[in-house]
A.B. asks: 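Sharing a structure with you now.
The sequence lines fix the lettering, A, B, ..., with proteins before strands; numbering per chain opens at 1. Note that the structure is predicted; figures quoted are calculated from it, not measured.
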Protein chains: 2
Amino acid sequence: MLNQYAKMLKENQIKVTPQRLEILRYLDGHHTHPTVEDIYTALKTKNPSLSKTTVYNSLEILNKHKLIQTLTISGSESRYDIREDLHHHFLCETCGTIIDIDIACPNIKKIVKGGHQVYEVHGYFRGICKNCITKGRSKSGYQNIA
Amino acid sequence: MLNQYAKMLKENQIKVTPQRLEILRYLDGHHTHPTVEDIYTALKTKNPSLSKTTVYNSLEILNKHKLIQTLTISGSESRYDIREDLHHHFLCETCGTIIDIDIACPNIKKIVKGGHQVYEVHGYFRGICKNCITKGRSKSGYQNIA
DNA sequence: CTGGCTGCAAATCCTTTGCAAAGCC
DNA sequence: GGCTTTGCAAAGGATTTGCAGCCAG
């Protein structure tokens with residue numbers, strides 16, 4: 001019997017390889033929007049011969065088939081997220097954490113004017129997360145100077 | 001009398017320099033989501049001694065003061081947008097153009113659950129723009145294989 | 001004078017590419 | 001066998017850093 005990850009791959013006509021399975025498993029187990037480095041380092045332990053190129057390749061093909069989502073929210077590194085159900089992202093400007101936001105955006109696609117065909121809607125929010133508010137941390141950067 | 005760009009800078013306690021003024025003026029005159037390269041090349045003509053470092057520095061400080069918005073929508077280069085009124089962005093997957101989308105998102109901030117404090121809402125849409133639909137161009141990538 | 005700004009060059013960091021070896025149908 | 005994937009090394013490209021000179025207050 002196929003495990004769920006192999007099934008995901010087969011359904012998308014992506015060849016099943018141990019590396020791809022491990023990456024999917026990792027993303028499914030770590031909803032922390034990891035970077036390539038995070039994934040690479042973590043899986044390198046189990047499989048020392050793993051190459052970063054393979055991580056890039058795998059993420060690219062998974063992304064193209066929309067099994068995962070690529071985030072370029074903050075900083076220079078891309079971050080990745082398995083696509084269970086579509087959701088949005090909140091970046092805390094204080095602690096840098098990216099938090100999943102579940103909001104139904106009914107009919108938002110129809111609201112986009114101009115006759116464009118919308119395939120994907122991604123809401124991107126910035127602010128201060130609950131945790132940092134509680135701890136009384138303030139926002140970094142220049143925003144408070146004014 | 002101060003020109004509008006000098007005024008914007010002063011109001012944010014950013015020192016007024018010719019380079020910063022030119023960058024603001026450029027962004028205000030070119031709502032095409034230019035890259036650093038675009039800005040640098042354009043302004044280099046007028047001011048041959050301009051350095052790309054200065055463009056980076058200026059954009060960073062303008063961004064921190066929220067006078068401009070940094071977009072990381074597509075590809076590896078950042079793109080920049082002056083903040084007149086807040087709007088959203090649509091990336092055409094066929095021609096790569098980034099199109100401004102004006103949508104009022106009433107109460108969206110309140111919809112974000114979990115007690116986070118939301119400062120910014122940025123909608124990010126992907127699809128095929130009207131122009132490409134008309135011309136019958138199709139989307140690139142693997143998305144159509146499945 | 002003093003601190004910040006500029007601009008050149010070098011360094012750094014993320015990502016992509018080239019290619020040979022290995023694996024699978 | 002032929003085609004895809006892997007993984008190493010090198011290349012590429014965007015951004016950052018170090019630092020000397022410059023400018024404004």
Side-chain angles (χ1 to χ4, degrees), chain A residues 2 5-6 9-10 12-24 26 33-65 67-68 70-80 96 141-142 145, chain B residues 2 5-6 8-10 12-24 26 33-65 67-68 70-80 96 140-142 145:
Chain A
L2 290 177
Y5 306 115
L9 294 174
K10 289 215 168 176
N12 284 274
Q13 298 159 49
I14 305 172
K15 275 198 181 173
V16 178
T17 72
Q19 290 87 343
R20 291 171 184 170
L21 290 174
E22 283 301 320
I23 289 171
L24 275 179
Y26 182 83
H33 315 92
T35 62
V36 165
E37 189 66 37
D38 294 333
I39 299 166
Y40 172 69
T41 305
L43 301 186
K44 184 89 176 172
T45 311
K46 274 190 180 177
N47 174 11
S49 79
L50 178 67
S51 155
K52 208 176 277 187
T53 304
T54 301
V55 178
Y56 276 106
N57 287 341
S58 302
L59 291 171
E60 189 193 353
I61 194 171
L62 293 174
N63 183 61
K64 280 192 177 171
H65 285 274
L67 294 177
I68 64 173
T70 303
L71 309 178
T72 51
I73 280 192
S74 77
S76 50
E77 296 166 280
S78 292
R79 294 173 171 278
Y80 300 87
Y142 286 22
I145 290 179
Chain B
L2 290 176
Y5 306 115
M8 286 172 66
L9 294 174
K10 289 215 169 179
N12 285 275
Q13 297 158 49
I14 304 172
K15 276 197 179 172
V16 178
T17 72
Q19 290 85 344
R20 290 171 184 172
L21 289 174
E22 283 302 320
I23 289 171
L24 275 179
Y26 182 83
H33 315 94
T35 62
V36 165
E37 190 66 35
D38 295 333
I39 299 167
Y40 172 70
T41 305
L43 302 186
K44 185 88 177 173
T45 310
K46 275 191 180 176
N47 172 10
S49 78
L50 178 67
S51 155
K52 209 176 275 186
T53 304
T54 300
V55 178
Y56 276 107
N57 288 341
S58 302
L59 291 170
E60 189 193 353
I61 196 171
L62 294 173
N63 183 62
K64 279 193 176 170
H65 286 275
L67 294 178
I68 63 172
T70 304
L71 309 179
T72 52
I73 280 192
S74 77
S76 50
E77 297 166 278
S78 293
R79 294 174 170 278
Y80 300 88
S140 60
Y142 285 23
I145 291 178

A.B. asks: Quick one: do the Asn57(B) and Thr54(B) side chains pair a donor with an acceptor below 3.5 Å?
C.D. replies: no
A.B. asks: Using OP1 and OP2 only, check whether a side-chain N or O of Tyr56(B) sits under 4.0 Å from dT15(D).
C.D. replies: yes
A.B. asks: Reckon Thr53(A) touches a base, only the sugar-phosphate, or nothing at all at heavy-atom distances under 4.0 Å?
C.D. replies: base
A.B. asks: Please pick, from dG7(D), dA14(D), dT16(D), the nucleotide with the shortest atom-to-atom distance to any side-chain atom of Gln19(A).
C.D. replies: dG7(D)
A.B. asks: Quick check for you: to the nearest 0.5 Å, what is the distance between Leu62(B) atom CG and Met8(B) atom CE?
C.D. replies: 7.5 Å
A.B. asks: Would you say the side chain of Ser76(B) and the base of dC14(C) hold a donor-acceptor pair, judged only by whether the two atoms sit under 3.5 Å apart?
C.D. replies: no
A.B. asks: Under the 3.5 angstrom rule, does the side chain of Asn63(B) hit a backbone N or O of Glu60(B) as a donor-acceptor pair?
C.D. replies: no
A.B. asks: Ser78(B) near the nucleic acid: base, sugar-phosphate alone, or nothing, with a heavy-atom cut-off under 4.0 Å?
C.D. replies: sugar-phosphate
A.B. asks: How would you label the contact of Thr35(A) with the nucleic acid (heavy atoms, under 4.0 Å): base, sugar-phosphate, or nothing?
C.D. replies: nothing
A.B. asks: Can Glu77(B) and Val36(B) be said to form a side chain to side chain contact (heavy atoms under 4.5 Å, CB included), step by step?
C.D. replies: CA-CA 8 Å; Glu77(B) 297 166 278; Val36(B) 165; over 6 Å; no
A.B. asks: Let me spell it out: for each of Glu60(A) and Thr54(B), pick the nucleotide of DNA chain C with the closest heavy atom. Which residue's pick is nearer the 5' end?
C.D. replies: Thr54(B)
A.B. asks: What is the bend of the helix from dC1(C)-dG25(D) to dC25(C)-dG1(D) when you compare the axis at one end with the axis at the other, using five pairs each and rounding to 10°?
C.D. replies: 30°
A.B. asks: Looking only at side-chain N and O atoms, does Thr17(B) come under 4.0 Å of OP1 or OP2 in dC23(D)?
C.D. replies: no
A.B. asks: Any non-hydrogen side-chain atom of Leu9(A) less than 4.5 Å from a side-chain atom of Arg20(A)?
C.D. replies: yes
A.B. asks: Using whole Å, report how far NZ of Lys10(A) lies from C1' of dT4(D).
C.D. replies: 16 Å
A.B. asks: Where the side chain of Leu50(B) is concerned, which of dG7(C), dT15(D), dT5(D) is the nearest nucleotide?
C.D. replies: dG7(C)
A.B. asks: How close or far is atom C1' of dT6(D) from atom CD1 of Ile23(A), stated in whole angstroms?
C.D. replies: 11 Å
A.B. asks: Write down the distance between CD (Glu22(A)) and P (dT5(D)), rounded to a whole number of angstrom.
C.D. replies: 18 Å
A.B. asks: How many Å lie between CD on Gln13(A) and P on dC24(C), as a whole number?
C.D. replies: 20 Å
A.B. asks: Side chain of Val36(B) only, heavy atoms from C-beta on: which candidate in dC14(C), dC8(D), dT15(D) is closest?
C.D. replies: dT15(D)
A.B. asks: Check whether any side-chain heavy atom of Ile61(B) sits under 4.5 Å from a side-chain heavy atom of Asn12(B), and report yes or no.
C.D. replies: no
A.B. asks: Please state how far atom NZ in Lys15(A) lies from atom C1' in dC25(C), giving the value in whole angstrom units.
C.D. replies: 7 Å
A.B. asks: Rounded to the nearest Å, what distance is computed from the CG atom of residue Asn57(A) to the P atom of nucleotide dT4(D)?
C.D. replies: 14 Å
A.B. asks: Asn63(B) CG to dT15(D) P: how many Å, rounded?
C.D. replies: 13 Å
A.B. asks: Does dT6(D) have its OP1 or OP2 closer than 4.0 Å to a side-chain nitrogen or oxygen of Ser51(A)?
C.D. replies: no
A.B. asks: Using the side chain to side chain contact (heavy atoms under 4.5 Å, CB included) rule, take Thr70(A) and Tyr80(A) through it: C-alpha gap first, then chi angles, then the decisive distance, then the call.
C.D. replies: CA-CA 5 Å; Thr70(A) 303; Tyr80(A) 300 87; 3.5 Å; yes
A.B. asks: Can you tell me how far C1' of dA24(D) sits from CZ of Arg20(B), to the nearest Å?
C.D. replies: 13 Å
A.B. asks: Hey, which of Leu50(B), Ile39(B), Thr17(B) is the one that makes side-chain contact (heavy atoms from CB on, under 4.5 Å) with Ile23(B)?
C.D. replies: Ile39(B)
